[in-house]
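Structure, as structure tokens:
Letters go in sequence order (proteins before strands), and every chain restarts at 1.
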2 protein chains.
Amino acid sequence: MEKKLRAQLEKIVGKGVVLTSKEDLTTYSYDGTATWAHMPEVVVLPTTAEQVSQILKLANDNKIPVTPRGAGTNVSGGSIPIKGGIVLCATRMNKILDINKTNLTATVEPGVVLQDFNLALAKQGLFYPPDPQSFLGCTIGGTVAENAGGPYCVKYGVTKQYVLGLEVVLASGYIMKLGGVTVKNRTGYELAMLFTGSEGTLGVITKITLKLIPMPQASKTMMAVFDDMVVGGQAVSNILASGVVPAKIEFVDNFILRRIEEMMPMGLPVDAQALLLIMADGSPAAVEVEAKQIVDTLKKSGAREVKVAKDAAEAAKYWKMRSAGFAATFGAAKTVLAEDVAVPRDKLAEFIGKLGEISERTGFFISHLGHAGDGNLHPAIFTDVSDKENFAKAQEAMEEIFEAALSLGGVLSGEHGIGLEKQRFLKRAMDPVALNLMIKIKSLLDPNHILNPGKIWEEERV
Amino acid sequence: MEKKLRAQLEKIVGKGVVLTSKEDLTTYSYDGTATWAHMPEVVVLPTTAEQVSQILKLANDNKIPVTPRGAGTNVSGGSIPIKGGIVLCATRMNKILDINKTNLTATVEPGVVLQDFNLALAKQGLFYPPDPQSFLGCTIGGTVAENAGGPYCVKYGVTKQYVLGLEVVLASGYIMKLGGVTVKNRTGYELAMLFTGSEGTLGVITKITLKLIPMPQASKTMMAVFDDMVVGGQAVSNILASGVVPAKIEFVDNFILRRIEEMMPMGLPVDAQALLLIMADGSPAAVEVEAKQIVDTLKKSGAREVKVAKDAAEAAKYWKMRSAGFAATFGAAKTVLAEDVAVPRDKLAEFIGKLGEISERTGFFISHLGHAGDGNLHPAIFTDVSDKENFAKAQEAMEEIFEAALSLGGVLSGEHGIGLEKQRFLKRAMDPVALNLMIKIKSLLDPNHILNPGKIWEEERV
């Protein structure tokens, strides 16, 4: 079977881009998620929608699972081939097809690396805000399939707010066009939105048209130091209530800032209980005014110290610190359960308080990092998957974190998606009929359930 | 049947809010669209989701068509009970349930009038940008069902970009909750987006949670006068390419500005071929800078004259002029076919040129009005529905306008939806499999096709 499949795939995409060696399969057996891995039978790297179509037809006829992926930076297990079969990797579909400065749109293939796209846009004074912290490596197709977020989303919204048009290949092999290149489009249901965030379960994205905005002309970064995490959380709410929406509001706790200072000494206040990193952007004049207002609010909200980055270099240092936060967290233990809950922004301080209670009750240290301006935190618990007892208890503690977020009107995932990680909690977090409806829509589009099977829900058939 | 139905509905909602007199039925037989009307059998005005649920159960059991509506300001025939049956009018569900300044969200019932909502928000320094020009009367449920646009969408996006959570009653009577109150939410498919813009065909919206932003602190309005419409269209593209995104960029042609000047003399340059009305908003300092840049670009782009409104009163006068444009158009003939096409923004000048050619070729005068900053124009043709020959020719000319927009990569509807008006063109403007998929999703949610039947597509069953 494997040999025949390989030959059939090679007929579609050519030799050299159908991988079956153990080393290659291992490379595609995992993604950015800590606790899952599964070997595919074969990896195929197409370059055109037509090739993707033929691959899906072949898979559909033979009921072979297909896991679409790009760079595999997913952190909810979305790109792990948990049912084996074919990994369809889009990284060779990496052309920026069009950047239109007057229409303020761009059309790209799914395998374009987000940072490459950002750099190409910057040359023309253009800006695409969604910035998952994997931006140096992640591919745009994946960010659309996951409806990715990031720090900039406080002011600028998430990926779905920028998707204007999609080309998707259905399980049947049909190449379907949705939406277009206009910023307004009221032609029937919002199907492009249905595919955005569908985690590769409804079709394979082969082309994307995105809305752009002009690059903000200026920005200013501030760092606020707090002696109390809850007070820091409250300061975030106070800034938003003051009538300013900064471009980014990020939260870093004492544990993470100490780890970062160890890794790259930059004189961080290692005794602080929390740091807020805040960016204002826009026209130079507006940035001046907003930055002043933000500094004022921070001081009134109990910040021990507020530093305004004196220039771009200092600002870049602060943001590098924030970017290092994820690595700092993941380097801290054998297994790190890093979560992605979001709560209403006015409940942020209360949620941070609840995390403290959970930590005390369960005995697990919980680190805090995240997009506080969206109420979107990534609490992390340190454990070791090979220590079964400890790992089980860590998972229980994580469940308590979910429950705490849900009880405050929050959600199970702010930006990472459900994937494999959160399937068992999904029923608790959603209207059962809505969940059922999703599975019915899935069955409508992919009756043989070949597309990224095993993801989002525990049982697929209804 | 009618008597029994009336009694059953009265049992659900109480007496006095089930209407069957000819006068009442006539009132609900039409909407803001010129060319359609149809009498319902009965009109019911519920006040709770539970009542809506019972009404839909009753209708579903007896396969009675239900046309949901609010204020009926729809301009694509979406709220006309074209198959008779029940009109479910949500105007009594008009409570603003929550405005949360820190979370920057609001939760409302569907019958809240958009302007009432705007005024309530303004008191707290908050802003909800989507502003269909029916804002004085339209209800928020309708704006969500239509994914409404408006002038502010250039900078701030359309309704779907603000919908965070929905409560919808399905045809089965089930009250389903989608999304929530957080700005990030990655729990399964984007079903709230599927209902947004579904024109009442998938469910009845009974509660809406919207994202808000702080009220911009300042704004400045400019009026630019052009001797040539195509040059005016090009100026719009030039502004966007210059790196500024104004809050609004509206286009008014000579015909409309003369009509407005007749109706309410304000010293408009009646010999101008086109006016652009532009607003910059944000912090006072930013507005100064942006306004200067916009004025510069307008002058370089061939504007004969650029006036900057000296104060709020003068700005309000300009915008009142723009608002009067629609009335000016509709008062101009017995029947006005006002369209709602959108083209890529860099194709605006070319599209205006094509409209001129169509006008010349068909002999129909075409007036131009619209949201030029989105490439979204509302070309209008003047005819008389009782003059069959002339009306048929006018419809042919309108078809040419559609074809011209589509040939430039544009779309059939920028913000008004398909409703009854554009069904016969839909097949031409969409991927056939996508269209088929929409109808399948419709059948999944509403197997008896009771919800707003006869809308969007010509044949519903697949």
Interface residues of residues 178-187 of chain A facing chain B - non-hydrogen atoms under 4.5 Å apart: L178(A), V181(A), T182(A), V183(A), K184(A), N185(A), R186(A), T187(A)
Determine the option with the most heavy-atom pairs under 4.5 angstrom with chain A, choosing from V154(B), N376(B), L445(B), N147(B). N147(B)
Residue, of H371(A), K211(A), M215(A), E146(A), that accumulates the most heavy atom pairs under 4.5 Å with chain B: E146(A)
Structural part of S76(B) lying under 4.5 Å from a heavy atom of chain A: neither
What residue, out of M193(B), H416(B), K422(B), has the most heavy-atom pairs lying under 4.5 Å from chain A? M193(B)
So which part of I456(A) gets closer than 4.5 Å to some heavy atom of chain B, the side chain, the backbone, both or neither? side chain
In terms of heavy-atom pairs under 4.5 Å with chain B, which of M438(A), E190(A), E415(A) leads? M438(A)
Hits for salt bridge (Lys or Arg N to Asp or Glu O under 4.0 Å) against K220(B), two or more places apart or cross-chain, chain-then-number order -> E288(B)
Engaged part of Q234(A) at the chain B interface, taking heavy atoms whose separation is under 4.5 Å: neither
Which bit of V343(A) comes within less than 4.5 Å of chain B, counting heavy atoms only: side chain, backbone, both or neither? backbone
Counting heavy-atom pairs under 4.5 Å with chain A, which one of G188(B), A148(B), G125(B) comes out on top? G188(B)
Go through V245(B), I239(B), V236(B), L202(B) and name the one with the most non-hydrogen pairs under 4.5 angstrom from chain A. L202(B)
Chain A: which of P344(B), A342(B), G149(B), S283(B) shares the most heavy-atom pairs with it under 4.5 Å? P344(B)
Assert top hit (heavy-atom pairs under 4.5 Å, partner chain B, pool A434(A), S237(A), A429(A), G243(A)) equals A434(A)
Under 4.5 Å from any heavy atom of chain A, what part of V287(B) do you find: side chain, backbone, both or neither? neither
So does T102(B) get a backbone contact from the side chain of D346(A), meaning a donor-acceptor N/O pair under 3.5 Å? no
Highest number of heavy-atom pairs under 4.5 Å with chain A among M430(B), M176(B), K101(B) belongs to M176(B)
Which atoms of V433(A) approach chain B - backbone, side chain, both or neither, heavy atom under 4.5 Å: both
How long is the gap from CZ on R345(B) to OG1 on T105(A), to the nearest 0.5 Å? 7.5 Å
So what's closer than 4.5 Å to chain B heavy atoms on I175(A): side chain, backbone, both or neither? backbone
Chain B contact via L104(A) - which portion, at a heavy-atom distance below 4.5 Å: both
Steps toward side-chain contact (heavy atoms from CB on, under 4.5 Å) verdict (Y189(B), L437(A)): CA-CA 10 Å; Y189(B) 300 160; L437(A) 176 58; over 6 Å; no
Top residue by heavy-atom pair count (under 4.5 Å) with chain B, among S413(A), A285(A), A241(A), A286(A)? S413(A)
So what's closer than 4.5 Å to chain A heavy atoms on L170(B): side chain, backbone, both or neither? side chain
Looking at T201(A), L348(A), T196(A), which makes the most heavy-atom pairs under 4.5 Å with chain B? T201(A)
Counting heavy-atom pairs closer than 4.5 Å to chain B, which one of L194(A), L240(A), L191(A) comes out on top? L191(A)
For E290(A), is it the side chain, the backbone, both or neither that has a heavy atom under 4.5 Å from a heavy atom of chain B? neither
